[in-house]
Amino acid sequence: MLDPKLYRENPELVREGLRRRGASFDLDGLLRLDEEKRVLGAELDGLKAERNAASESIARLKREGGDASSAIEQTRTTGERIKELQARYDVVETQARELALLCPNLPHASVPDGKSSADNRVAATWGTVDADREVPDHLEIGRKLKLFDFERGAKLSGSGFPIYTGMGARLERALINFFLDTHVQRHGFTEVAPPYLVGRQAMIGTGQLPKFEEDMYRCDSENGDRDRDLFLVPTAEVPVTNMHSDEILDAATLPISYCAYTACFRREAGSWGADTRGFLRLHQFNKVEMVKFAHPDKSWEALEDLRGHAEALLQMLELPYRVLELCAGDMGFGAAMCYDLEVWAPAEKRWLEVSSVSNFVDFQARRANIRCKSEGKTRYLHTLNGSGLATPRVLVALLEHHFTDRGTFRVPAALRPWLGGLEEIAAA
RNA sequence: GGAGAGGUGGCCGAGCUGGUCGAAGGCGGCGGUUUGCUAAACCGUUGUAGGGUCUUAACGGCCUUACCAAGGGUUCGAAUCCCUUCCUCUCCGCCA
């Protein structure tokens, strides 16, 4: 959510940000509703003040043993007008809030212009890419080494729900633990294990709702109360960020850094058909997420930290990657700035996104009402998050990149402690 | 799942025979006095959000509204009465 003062006092700035994003949003409608809300609110406040004063004098009269019946009769009509006006105000207020929730965040000034992924800026590259190398793809490697079973997964749940088998399951678990332990032991994060189902309010807090409901798996409440629906988490960002909703944190405790593993569930409505081979796009996948709550003056440093933590994992896994600075038109709904980490997949001969690291500034904090306090001042804090990392595409790159001439998978040295020292996975 | 108790400000806790209650008291926090330092004692202060207004503006001041789990109702007036929902605790049952 944007600061109402911003669009009230500086609508052109907001319009420009929306234009850079290529977002279609009814800013004029929001401004109209906002103005109407304030006019009604002022009138309503006046009436309520009138009623409160009258009630007080009635109380005084009664205490002194006087007759208050005419005053009571008079105040009754004020009450009726308040009720009427309040109903109108509530409608406008709800409309304004619902519309405001559909407005994306504004891109930070440093974010490059651009419409699509083609306009993203390559900020860094690490490792060597051998584009001519011929290796079997991850599906073939997986078949040879019996690492996963897509067919039986589909039998259970449809496409996009793989079963990891044997060493594949162990490798997956090792990756998750390697990520978590590295963040906890080397990057100073506190691990949390959150619920996989969250309420509607949490999904609104981080920005998945109301706009992207069709991408989410929803469990309807028994009594049909939509506020009590539960959603399968599309990322640990949702439960972890909303942990502190409606809280005022002591600024001295910031930044707070959490990491969490959860399975992630996405319907991928509309995007099915592209990139759906094997592990490239799934309905359920595993991810370790990093979430930071930062002081509003310190969030840009925190963004660089998160990017560094995600990069460190790829380096330890010896996977060549590049860092993209997303252009305004390609950023997610809530981000003010976003880096994508893409790893090179030799058989696919292309870059695969394995991490997205974003600073939301106060956008989520306003929605979820997360503030911080220092020296008597209360402000919205800044939230950030980054994948560290999502496993499926890392697994793709890992298998293809570390596939040996002898038809085995070489476990990178950094990962071995999580596989009991195992150096190689060969066909059984 | 059955029975009962309860949800009040950062925390504890009074109020709950409706009006002087944004809410006693205590703790904590902040400022000050005292003190060689610390502690103790004493004095003062201490919620959040919206709107209006004053100052060129910020800081801030003043006026006002809302918030005592959430939503609704009764009433001139609700923390206090009624209804619904949610949550927590205790006991019993069931179960990983």
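As the structure is a prediction and not an experimental result, all values here were calculated from the model. Proteins get letters first, then strands, A, B, ... in listed order; numbering begins at 1 in each. Just the heavy atoms: all of them, side chains too, but no hydrogens, waters or symmetry mates, feed the values below.
- Atom CG of A:Asp246 and atom C1' of B:rC67 are 13 Å apart (whole Å).
- Comparing the P positions of B:rU64 and B:rC76 gives a spacing of 24 Å, expressed to the nearest Å.
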Practice problem: If a protein heavy atom is under 4.0 Å from the base, mark B; if only from the sugar-phosphate, S; if neither, -; do that for nucleotides 45-56 of chain B going 5' to 3'. | Solution: --SSSBSS----

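- For A:Glu35 and A:Arg38, the salt-bridge test passes: some basic side-chain N is under 4.0 Å from an acidic carboxylate O.
- Note on A:Arg60: nothing from the nucleic acid sits closer than 4.0 angstrom, heavy atoms only.
- For A:Glu191 and A:Tyr261, the side-chain atoms include no donor-acceptor pair closer than 3.5 Å.
- Between the CG atom of A:Leu44 and the C1' atom of B:rU64 there is a distance of 12 Å, rounded to whole Å.
- Taking atom CD of residue A:Glu247 and atom C1' of nucleotide B:rC11, one finds them 14 Å apart after rounding to whole Å.
- Remark: aromatic rings of A:Phe279 and A:Tyr164 are close, center separation under 6.0 Å.
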Practice problem: Could you provide the dot-bracket string of RNA chain B, using ( ) for intrastrand pairs, [ ] for crossing pairs and | for bases paired to another strand, with Watson-Crick or G-U pairs below 3.5 Å? | Solution: ((((((((.[[[..)...(.....]]]((((((.......))))))((((((((.....)))))))).[[[[[..)....]]]]])))))))....

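- Nucleotides B:rG10 and B:rC30, compared at atom C1', are 13 Å apart to the nearest Å.
- Look at A:Arg152 and A:Asp149 and you find a salt bridge, because one of the NZ, NE, NH1 or NH2 atoms lies within 4.0 Å of a carboxylate O, short of that distance.
- Taking the six-membered ring for Trp and the full ring otherwise, the centers of A:Phe265 and A:Phe161 sit at least 6.0 Å from each other.
- With hydrogens and angles left out, the side-chain atoms of A:Asp90 and A:Gln86 include a donor and acceptor closer than 3.5 Å.
- A:Lys377 places its NZ atom 7 Å from the P atom of B:rC59, with the value rounded to the nearest Å.
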Quiz prompt | Trace of the side chain to side chain donor-acceptor pair (under 3.5 Å) decision for A:Asn369 with A:Ser245 | solution = CA-CA 5 Å; A:Asn369 192 27; A:Ser245 64; over 6 Å; no

Quiz item: In the 5'-to-3' direction, what one-character label does each nucleotide of nucleotides 70-79 of chain B receive under the scheme B = base within less than 4.0 Å of a protein heavy atom, S = sugar-phosphate only, - = no such atom?
Solution: ----S-BS--

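- For the pair A:Arg143 and A:Glu140, the salt-bridge criterion is not met [side-chain N within less than 4.0 Å of a carboxylate O].
- A:Phe333 and A:Phe363 have their aromatic ring centers within a separation under 6.0 angstrom.
- Taking atom CD on A:Gln201 and atom C1' on B:rC87, their separation rounds to 16 Å, with Å as the unit.
- At least one side-chain heavy atom of A:Gln185 sits less than 4.5 Å from a side-chain heavy atom of A:Asp181.
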